[in-house]
A.B. asks: 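There's a structure below that I have some questions on.
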Number of protein chains: 2
Amino acid sequence: MADGRLARGERTRTAVLDAAVSMASVDGLEAMSLARLAHATEVSKSGLFAHWPDKEALQLAVIARAVHIWTAHVVTPAFAEPRGVRRLWALHERRIEFYASGVLSGGCFFVATQAEFDDRPGPVRDALAAAINDWLFLIKAVAAQAVELGELRPDADVEQVAFEIEAHGHAVVTFSRLLHAEGAAAYGRTAVLERLRSLSPVPGLLPAS
Amino acid sequence: MADGRLARGERTRTAVLDAAVSMASVDGLEAMSLARLAHATEVSKSGLFAHWPDKEALQLAVIARAVHIWTAHVVTPAFAEPRGVRRLWALHERRIEFYASGVLSGGCFFVATQAEFDDRPGPVRDALAAAINDWLFLIKAVAAQAVELGELRPDADVEQVAFEIEAHGHAVVTFSRLLHAEGAAAYGRTAVLERLRSLSPVPGLLPAS
DNA sequence: AAAATTACCGACCGATCGGTCTTTTTGTGT
DNA sequence: ACACAAAAAGACCGATCGGTCGGTAATTTT
């Protein structure tokens, strides 16, 4: 039941989306032109319209693909760690490693697109906001688990902790990209690590430095 | 010795730059088109080229104007506070108030433009990086003063502190804009306040909540 | 009053934007 | 060999992009 035509279409579709996520991590999702995307993927521009009706639909597909990549590189590996503060820390650590890995030539898809669409209402903005919200919800849920397990102090404000983790993760990208502060990753790591250690009755679960 | 022609030119020039800073805080510095800027300021598009040779020169002028606005609304008021941890805190607080004030319709010029140019080499990127570097240098200098005055622990890492303050200030904008988390300002305030209190031998200098 | 300077405008240019239409290639069933 | 469908290509469209050009109105200098 393998239709080679459909398979071919699926292949180019994901190839285009992967290239688009990388390209959007550099230029942004709106500044990425269809002509350049088509050229980079060795597909004709009209070939893109064979897969998505317009640019907006493609942008939404790109966001979904970016979420998939993020999940595969950050969330899934972090969930190999046991529940609690170790998993919470792993989320942050994996994120920073993902940035350093160079999988996306622009560093981070979401950092690049967030500022671009925060004042531009529409489905694309909504999808981006939903993706970020899901990520924050995940952090909060893992942090809440850590509280339940007694690995974070019971009076820890998980909303506050999620804000700070996200802020430092975001800052690692902006610092290391615009300025060429190669120490950004270390600062981002230290900030969250010290914070979690100060909130945890069992700091031995976290790495030393 | 007042040349009315030069005065007129200076008036429209600053009017255009003010509008451009606001517009760029929404759309970004490259996505801002000259036709729209000209229309918004009731100047003809060719009128813009009478003042700046090309878009890049205008972008550089816009950055200088944004620095000026930032200095007037954030730095100068904060320097009314006495040297040390109070001034350091005031820098963060004034920044958050500036965001909430709605002076710039897009929230923050630098947040909007940073991600846009971090992978786009050239004079505009260099100017943006220089502006951010100056801001970080200022934070570090004020923090170092606080250490000297004994208002921050002598082993406090001013580079690390500057990273965290900038990260939380930045996050206030991104959180309150894309998501409509109205609590963002409170999280950003709490994060830095608690951090400074924990680093200060004289936490009484800082506000209570 | 003439000349020079400054600010600014409307018309226009080539290039590129997102998007449409028609046609060709590629693979699947009979 | 055939019809059929999915994928992709190519030519093309109106709108908009940054930028140029010739010219005009206002003001200052001579």
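Chain A is the first sequence line, chain B the second, and so forth, proteins listed ahead of strands; every chain is numbered from 1. On a predicted model such as this, the values are computed, not experimentally measured, just so you know. Because only heavy atoms are used, hydrogens play no part in the values below, and waters and symmetry mates are left out as well, while side chains stay in.
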A.B. asks: Do Glu164(A) and Val192(A) have side chains that approach each other closer than 4.5 Å (heavy atoms only, starting at C-beta)?
C.D. replies: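 Glu164(A) does not reach Val192(A) side chain to side chain.
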A.B. asks: Looking for any heavy atom pair under 4.0 Å, which part of the strands does Ser46(B) touch: base, sugar-phosphate only, or nothing?
C.D. replies: base
A.B. asks: Looking at Leu196(B), is its backbone amide N or carbonyl O close enough to the side chain of Ser200(B) to form a donor-acceptor pair, meaning the two atoms are under 3.5 Å apart?
C.D. replies: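 No.
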A.B. asks: Might you point out which heavy atoms bring Ala57(B) and Asp54(B) nearest each other, and give the distance in Å?
C.D. replies: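 Minimum heavy-atom contact is N-OD1, 3.0 Å.
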A.B. asks: Take the protein atom CZ of Arg13(A) and the nucleotide atom P of dA6(D), then report the distance between them rounded to whole Å.
C.D. replies: 12 Å
A.B. asks: Without decimals, in angstroms, what is the distance between Asp27(A) CG and dC17(C) P?
C.D. replies: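 The answer, rounded to whole Å, is 11 Å.
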A.B. asks: Using whole Å, what does the distance between atom C1' of nucleotide dC17(D) and atom CZ of Phe49(B) come to?
C.D. replies: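 It works out to 10 Å between those atoms.
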A.B. asks: Reading DNA chain C from 5' onward, which residue's closest nucleotide shows up sooner: Thr12(B) or Asp54(A)?
C.D. replies: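 Whichever sits nearer the 5' end wins; that is Thr12(B).
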A.B. asks: Taking for each residue the nucleotide of DNA chain D with the nearest heavy atom, is it Glu56(B) or Arg8(A) whose nucleotide lies nearer the 5' end?
C.D. replies: Arg8(A)
A.B. asks: Does Lys45(B) make a side-chain donor-acceptor contact with the base of dG18(D), cut-off 3.5 Å?
C.D. replies: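 Such a pair is found, so the answer is yes.
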A.B. asks: Rounded to the Å, how far apart are Arg11(B) CZ and dT27(D) P?
C.D. replies: 10 Å
A.B. asks: For dC17(D), does OP1 or OP2 lie under 4.0 Å from any side-chain N or O of Ser33(B)?
C.D. replies: yes
A.B. asks: Round to the nearest Å and state the distance from His39(A) atom NE2 to dT16(C) atom C1'.
C.D. replies: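 The answer, rounded to whole Å, is 15 Å.
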A.B. asks: Would you kindly give the CD-to-P distance between Glu42(B) and dC8(C), to the nearest whole Å?
C.D. replies: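 To the nearest whole Å, that distance equals 13 Å.
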A.B. asks: NE2 of His51(B) versus P of dT6(C): gap in Å, rounded?
C.D. replies: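 Atom-to-atom, His51(B) to dT6(C), this comes out as 13 Å.
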A.B. asks: Tell me which nucleotide among dA9(D), dA7(C), dC17(C) gets nearest to the side chain of Leu6(B).
C.D. replies: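 Of all the options, the side chain of Leu6(B) is nearest to dA7(C).
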A.B. asks: Quickly work out the Leu48(A) CG to dT20(C) C1' distance and round it to whole Å.
C.D. replies: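 In whole Å, dT20(C) C1' lies 14 Å from Leu48(A) CG.
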A.B. asks: So, Glu166(A) versus Trp135(A): side-chain donor-acceptor pair below 3.5 Å or not?
C.D. replies: yes
A.B. asks: Counting only side-chain heavy atoms from C-beta out, which of dT28(D), dA7(C), dA8(D) sits nearest to Asp3(B)?
C.D. replies: dT28(D)
A.B. asks: Between the base of dT5(C) and the side chain of Arg5(B), is one N or O donor paired with an acceptor at under 3.5 angstrom?
C.D. replies: yes
A.B. asks: Give me the atom names and distance for the closest heavy-atom approach of Leu29(B) to Ala24(B).
C.D. replies: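 Heavy atoms only, the tightest pair is CD1-CB, 3.8 Å.
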